[in-house]
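Right, one structure below, let's go through it.
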Amino acid sequence: MKKISTAFAVALGVAALAACSQSPQEQAADNIEENAEAVSENLEEAADDASNDLMEANLENTADAVEEAGESAADATREGADADGNTVN
């Protein structure tokens with residue numbers, strides 16, 4: 001848990017520095033990805049502690065699905081912004 005907290009703090013600091021020059025859509029997309037990665041990491045940690053192989057496999061598959069969904073949502077957020085910075089309907 002301490003490892004996750006440290007990694008999250010470092011990622012948050014890097015994201016804060018990178019956010020200075022990003023559009024709101026890019027910041028939102030980055031937040032979506034970071035949140036999905038955090039959830040995915042927590043699921044993977046739970047999988048490591050699982051009491052049986054089936055539970056471990058299910059948690060790992062869920063972690064992968066969460067990360068993929070986060071990436072897709074972030075991509076949609078990025079691609080949905082037009083040249084004016086407004087979202088396309």
Side-chain angles (χ1 to χ4, degrees):
M1 190 68 167
K2 191 174 186 180
K3 192 184 329 177
I4 292 174
S5 298
T6 303
F8 184 69
V10 170
L12 195 59
V14 170
L17 288 174
C20 295
S21 63
Q22 292 180 337
S23 71
Q25 289 79 14
E26 185 64 29
Q27 289 175 3
D30 287 348
N31 288 339
I32 291 168
E33 284 181 331
E34 289 171 17
N35 289 334
E37 288 173 9
V39 170
S40 177
E41 287 175 9
N42 287 335
L43 288 167
E44 288 172 356
E45 290 288 326
D48 292 341
D49 297 333
S51 60
N52 62 56
D53 291 341
L54 180 60
M55 186 182 292
E56 180 179 0
N58 285 338
L59 286 166
E60 288 176 354
N61 288 338
T62 302
D64 291 341
V66 166
E67 195 159 348
E68 288 176 22
E71 289 174 8
S72 294
D75 289 344
T77 300
R78 286 185 185 100
E79 293 168 4
D82 64 16
D84 294 333
N86 300 318
T87 56
V88 176
N89 294 331

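A quick note: this is a predicted structure, and the numbers were derived from the prediction, not measured.
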query: Picking from L59, N58, D48, what satisfies side-chain contact (heavy atoms from CB on, under 4.5 Å) with L43?
result: L59
query: Which heavy atom of Q25 sits nearest a heavy atom of T77, and at what distance?
result: O-CG2, 3.5 Å
Residue pair E67 / S40: nearest heavy atoms and the distance that separates them: OE1-OG, 3.2 Å
message: Just verifying a value: how many Å separate D49 CG and M55 CE, rounded to the nearest 0.5 Å?
response: 11.0 Å
- line: CD1 (I32) and CD (Q27) are apart, to the nearest 0.5 Å, by 12.0 Å
message: Using side-chain contact (heavy atoms from CB on, under 4.5 Å), reason through E26 and R78 one step at a time and then give a plain yes or no.
response: CA-CA 6 Å; E26 185 64 29; R78 286 185 185 100; 3.0 Å; yes
- prompt: Going from CD on E71 to CD on E37, what distance comes out if it is rounded to the nearest 0.5 angstrom?
  reply: 7.0 Å
Pairwise distance CD(E56) to CD(E60) - rounded to 0.5 angstrom: 4.5 Å
query: Would you find more than 12 non-hydrogen atoms of other residues, nucleotides or ligands less than 6.0 Å from D53 atom CG?
result: no
